[in-house]
*Asks:* 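I have a structure here, written as structure tokens, and I will follow up with some questions on it.
Chain A is the first sequence line, chain B the second, and so forth, proteins listed ahead of strands; every chain is numbered from 1.
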There are 2 protein chains.
Amino acid sequence: MKQITNFLIPILVGILIYLCPMPEGMDPRGWKLLAIFVSTIIALICKPLPMGAVALMSMAATVLTGTLKLEPEALGGYGSSVIWLVIYVFFIARGFIKTQLGTRIAFFFVKLFGRKSLGLGYSLAVTELLISPFIPSSAARAGGIMYPVVQAISESLDSHPDGKTNRRIGAFLNLVSYHGNLITSAMFLTGMAANPMMQSFAAAQGVTITWSNWALAAIVPGILSLVLIPLLIYILYPPTVKTFDNAVEIARLKLHEMGAMSRGEWIMTAIFAFMLVLWIFGESYGISSATTALLGLCLLLITKILTWDDILGEKEAWHTLIWFAILVMMAKYLQVFGVIAWFSNMVSGQVIGLDWGWAFGALVLIYYYSHYLFASNTSHVSAMYAAFLAVAIAAGAPPLLAALSLGFCSSLFSAMTHYGASSSAIFYGSGYIPIGTWWGIGFVISVANLLIWFGIGSAWWKVIGIW
Amino acid sequence: MKQITNFLIPILVGILIYLCPMPEGMDPRGWKLLAIFVSTIIALICKPLPMGAVALMSMAATVLTGTLKLEPEALGGYGSSVIWLVIYVFFIARGFIKTQLGTRIAFFFVKLFGRKSLGLGYSLAVTELLISPFIPSSAARAGGIMYPVVQAISESLDSHPDGKTNRRIGAFLNLVSYHGNLITSAMFLTGMAANPMMQSFAAAQGVTITWSNWALAAIVPGILSLVLIPLLIYILYPPTVKTFDNAVEIARLKLHEMGAMSRGEWIMTAIFAFMLVLWIFGESYGISSATTALLGLCLLLITKILTWDDILGEKEAWHTLIWFAILVMMAKYLQVFGVIAWFSNMVSGQVIGLDWGWAFGALVLIYYYSHYLFASNTSHVSAMYAAFLAVAIAAGAPPLLAALSLGFCSSLFSAMTHYGASSSAIFYGSGYIPIGTWWGIGFVISVANLLIWFGIGSAWWKVIGIW
């Protein structure tokens, strides 16, 4: 009975949206797609079936309703390099685990910070902070570096994604790392792939964003977020074990037992260092972060660190491939069919004429929460950033303030969903956190970040003369 | 040592091709891609690593050499509906196996024809013959209908893809079904997706192909092939068990034990019947064979015949996804970059001026064996059929003879490789036949088919007045 309801609710909502009077000038395919997209999101929450199955049905719905052609449209998401970057880093993470390099790094972390769960959380946030200025692909950072370490730490403290021990510490650490990833992505122009994109959009409107004015504006609210958000997660969704009395001792012992690094660990380290270098410097030579991950994966296969069977058995990667590609594809076509443009126009029509403070506040909120409709930062930025910046400036907002704060929002807004960025798919894919919790906590954190960045942040921006 | 050689040979061949003087006017990317493609094919045979790993490395090579962009080119194959049709039917086949409907059908076949291995082989060939006029997607026929039955029959006779019992009967039955699929694809205008395409290409050159003149011309060589090719496989690569003395009795007993059809079997039957109807009639309503398979898969998930975990654990499907998409993509860009056009021009330059018989023979042979470079019938047909038909007619070959015989070749030419058609990937994916054997027997069968179709066939075509 409950299951039938879970099936019916999303379908009914979809039909209701479809039956709403269509806005003038709207592409009918866009309207149908919006109905299917919203219905899909609700189904992901109601969960009549696992996420991958829901996504397949949504894709079937887009084809059967004549909204999208199967090829090249509906299946097009599977050709996206963003998707494959995520898949490749899932495989690479297996190399960390298999060689025990992940375990070694995990014990090392635990030895240093492991007495308190909160301490471990902060140590991860700091690690993110240290590497984020150098690795512009937040997905590579999340999946290639943090994800395997977080999983290894959780496992080493006997917390597994099994619905029983997941709350021990694993769920907490995954959430902290995820939100830490978003915050550090917002802090540096080089912390996320879409940031330089916004720099150029702003330049086209006469607003100069530099690496330093961005970092200067972000440093105070950013550090504050990195301090407060883990604490907030700790309070809202506490790890069931808060102090690991013997953990430091055990970690020391285990490290001793592990002895010197094995041949596999050395190879894994070398390949990892190679990827790190390419993730930092590769883009300027035309080597994208996904190409780097592909290369790393090939090296792991050539050196037999990973067998082909390891790859084929990596179920979480295949699951993510199916559902994430479909969501990314649908979000893309919402833009292609003009649904996002219609929405942006509607918003700008509403705010023009208001006092700039109110207008700007409304624009920020709408920009921020419309991310429920997007499955990637880059696509959200390319669809809405320039338009919203123009409206904000026209409404009288100080240009640099508008450009930077919309810029910060463009990473932070992924807090709410499990598909908002590639790193969401990765950490959600760990399996430690149920979807309802992910969304609930995500929403609270989205509000907290707004308060931090626009409460304290705007005072700081006044001090440094941005407005 | 041997393994290093297996790595080096393909790389050396690739470099050698690359260093050959490039034909005038050739796109340098085309030349590089040809080198990588040939090197990949050799690596698939040498097998320094499993096929999927080799394919990933080839893809990395195309990107690193600047031949293809990762997105949208190199990853583009993953958006192809041909690939996903194959993947979906792998999942659907799991439904046949899981519900035991496959086993029941298998025992039914064995009860009727199971005393002799050869008899079982023929029963499969006849089944293909009966359904091929109605299902224009040879991949749907192979993967959605024949593949699960063949696997179930093999398993029920205790032959598994394990390197020990595979030769009992499974390897034989898979090969017979595969080559049966190709022969029946060649026999009817509606037996393969690219056949109607050729009809329209021929029409553009003033040659009228109809369902009946195609079938009439094909019936004699087609039936002959269906009789002789299984026999040839039986002689070349005999099943180690040729007579199953108790099989009929055991099958009768097992069917009795199984009793009435279970609920799962009925659901599976209904969904299968639904797909069958859509595969036969759907195309005319714009429902492609891949969409039908997607729908069938969704229904199997909704009715819980398949769980999502069944999907994620279907390793052979994921393996095929990785390697097949990359080969299809590379073959496509050989055409896009003009390598195929250069080859076709070179050939037509050579044959013009010869006596029409010699010219036509050369054209047929080159058209046929150039399929080593292709990973789909449709792409081969769209790249070369019209050009070769024009040259043949210009050289003096009787137009209908040329149009039809190139048409027949367009299915039969997939005999040689394990990537030549979607059905190759499916039956090869069963794991019963090692790659060397697949290629060796494939080559012998390709010659046998040429002898049958152009030896006996051309006499028949004379009788019915095609030339």
*Asks:* Which region of B:Leu295, side chain (C-beta onward) or backbone (N, CA, C, O), has a non-hydrogen atom less than 4.5 Å from a non-hydrogen atom of chain A, or is it both or neither?
*Replies:*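 Only the side chain of B:Leu295 comes within 4.5 Å of chain A.
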*Asks:* A side-chain contact here means heavy atoms from C-beta on lying under 4.5 Å apart; do A:Tyr333 and A:Phe37 qualify?
*Replies:*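 The answer is no; the side chains never approach within 4.5 Å.
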*Asks:* With a strict 4.5 Å heavy-atom criterion, list every residue of residues 305-313 of chain B that contacts chain A, or say none.
*Replies:*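 So the qualifying residues are B:Trp308, B:Asp309, B:Leu312, B:Gly313.
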*Asks:* Find the distance between CG (B:Leu33) and CG (B:Leu334) and round it off to the nearest 0.5 Å.
*Replies:*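 Those atoms lie 4.5 Å apart.
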*Asks:* Atom CD1 in A:Ile97, atom CE in A:Met268: separation rounded to 0.5 Å?
*Replies:*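 That separation rounds to 9.5 Å.
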*Asks:* Hey, does A:Leu85 have a side-chain heavy atom less than 4.5 Å from the side chain of A:Ser137?
*Replies:*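 Result yes, sub-4.5 Å side-chain heavy-atom pair found.
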*Asks:* Heavy atoms, side chains only, cut-off 4.5 Å: are A:Phe96 and A:Phe272 in contact?
*Replies:*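 Counting from C-beta outward, A:Phe96 and A:Phe272 do come under 4.5 Å.
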*Asks:* Write out, in numerical order, the residues from residues 45-53 of chain A with a heavy atom short of 4.5 Å from a heavy atom in chain B.
*Replies:*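 So far as heavy atoms go, A:Pro48, A:Leu49, A:Pro50, A:Gly52, A:Ala53 are the residues that approach chain B to under 4.5 Å.
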*Asks:* If you define the side chain from C-beta out and look only at heavy atoms, does anything of B:Lys332 sit under 4.5 Å from B:Ser379?
*Replies:*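 No - every pair of side-chain heavy atoms lies 4.5 Å or more apart.
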*Asks:* Is any side-chain heavy atom of A:Tyr432 less than 4.5 Å from a side-chain heavy atom of A:Gln151?
*Replies:*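 Side-chain contact under 4.5 Å: yes.
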*Asks:* Determine whether B:His319 and B:Phe324 make a side-chain contact, defined as any pair of heavy atoms from C-beta on separated by less than 4.5 Å.
*Replies:*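 A side-chain contact under 4.5 Å is absent here.
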*Asks:* Rounded to the nearest 0.5 Å, what's the gap from CD1 on B:Ile326 to CG on B:Leu75? Could you check?
*Replies:*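 If we round to the nearest 0.5 Å, B:Ile326:CD1 and B:Leu75:CG are 8.5 Å apart.
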*Asks:* Would you please test A:Ile135 and A:Leu276 for side-chain contact (heavy atoms from CB on, under 4.5 Å) and show each step?
*Replies:* CA-CA 8 Å; A:Ile135 301 181; A:Leu276 207 59; 3.7 Å; yes
*Asks:* If the plane angle is over 60° it's perpendicular, under 30° parallel, otherwise tilted; pick one for A:Trp323 and A:Tyr428.
*Replies:*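 Geometry flag for A:Tyr428 against A:Trp323: perpendicular rings.
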*Asks:* Taking C-beta and beyond as the side chain, do B:Tyr419 and B:Ile41 meet within less than 4.5 Å on heavy atoms?
*Replies:*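 Yes, their side chains come closer than 4.5 Å.
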*Asks:* When rounded to the nearest 0.5 angstrom, what is the spacing between OG1 in B:Thr320 and CG in B:Leu327?
*Replies:*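 Rounded to the nearest 0.5 Å, the OG1-CG separation comes out at 11.0 Å.
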*Asks:* Heavy-atom cut-off 4.5 Å, strictly under: side chain, backbone, both or neither for B:Lys304 against chain A?
*Replies:*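 B:Lys304 touches chain A through side-chain heavy atoms alone.
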*Asks:* Please check: side-chain N/O of B:Thr67 versus main-chain N/O of B:Arg29, any donor-acceptor pairing under 3.5 Å?
*Replies:*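 Not a single qualifying donor-acceptor pair exists.
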*Asks:* Would you check if B:Tyr78 and B:Ile322 make a side-chain contact, meaning some heavy-atom pair closer than 4.5 Å?
*Replies:*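 The answer is yes, as the side chains (C-beta and beyond) meet within the 4.5 Å cut-off.
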*Asks:* At their closest point, which heavy atom of B:Met192 faces which heavy atom of B:Pro196, and how far apart are they?
*Replies:*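 Where B:Met192 meets B:Pro196 most closely, the heavy atoms are O-CD, 3.4 Å.
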*Asks:* Could you have a look at A:Leu321, A:Val82, A:Ile287, A:Thr291 and say which one has the most heavy-atom pairs with chain B under 4.5 angstrom?
*Replies:*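 Ranked by heavy-atom pairs under 4.5 Å with chain B, first place is A:Thr291.
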*Asks:* Under 3.5 Å, is there a donor-acceptor pair between the side chain of B:Trp279 and the main chain of B:Ser289?
*Replies:*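 Checked: pair present.
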*Asks:* Between A:Gly14 and A:Ala35, which heavy-atom pair has the shortest distance, and what is it?
*Replies:*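 Looking at all heavy atoms of both residues, the closest pair is O-CB, 3.4 Å.
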*Asks:* Which residue out of B:Leu297, B:Leu56, B:Ile83 racks up the most heavy-atom pairs below 4.5 Å with chain A?
*Replies:*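 Option with the top pair count is B:Leu56.
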*Asks:* Heavy-atom distance under 4.5 Å to chain B: side chain of A:Ser288, backbone, both or neither?
*Replies:*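 Answer is side chain: those atoms of A:Ser288 sit under 4.5 Å from chain B.
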*Asks:* Mind checking the CD-OG spacing from A:Gln335 to A:Ser382? Nearest 0.5 Å is all I need.
*Replies:*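 It comes to 5.0 Å.
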*Asks:* Among the options A:Gly79, A:Gly77, A:Pro72, pick out the one with the most heavy-atom pairs lying under 4.5 Å from chain B.
*Replies:*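 Maximum pair count with chain B is reached by A:Gly79.
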*Asks:* Using heavy-atom distances under 4.5 Å, tell me whether B:Leu294 contacts chain A through its side chain, its backbone, both, or neither.
*Replies:*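 Side chain of B:Leu294 only, per the 4.5 Å heavy-atom cut-off to chain A.
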*Asks:* Rounded to the nearest 0.5 Å, what separates atom NZ in A:Lys315 from atom CD in B:Glu314?
*Replies:*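 Here the rounded value is 10.5 Å.
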*Asks:* In terms of heavy-atom pairs under 4.5 Å, which option from A:Glu71, A:Lys69, A:Glu73, A:Met329 contacts chain B the most?
*Replies:*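 Most heavy-atom pairs under 4.5 Å with chain B: A:Glu71.
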*Asks:* Chain A contacts: which residues in residues 86-94 of chain B have a non-hydrogen atom closer than 4.5 Å to it?
*Replies:*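 If one takes a 4.5 Å heavy-atom cut-off, the residues of residues 86-94 of chain B near chain A are B:Tyr88.
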*Asks:* Output, in order, the C-alpha distance, side-chain angles, deciding distance and verdict of side-chain contact (heavy atoms from CB on, under 4.5 Å) for B:Met330 and B:Ile36.
*Replies:* CA-CA 9 Å; B:Met330 288 203 285; B:Ile36 296 172; 4.2 Å; yes
*Asks:* Which residues, numbered in order, of residues 57-66 of chain A come under 4.5 angstrom of chain B by heavy-atom distance?
*Replies:*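 Within residues 57-66 of chain A, the residues under 4.5 Å from chain B are A:Met57, A:Met59, A:Ala60, A:Val63, A:Leu64.
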*Asks:* Which bit of A:Trp84 is near chain B, if near means a heavy-atom gap under 4.5 Å: side chain, backbone, both or neither?
*Replies:*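 Answer is side chain: those atoms of A:Trp84 sit under 4.5 Å from chain B.
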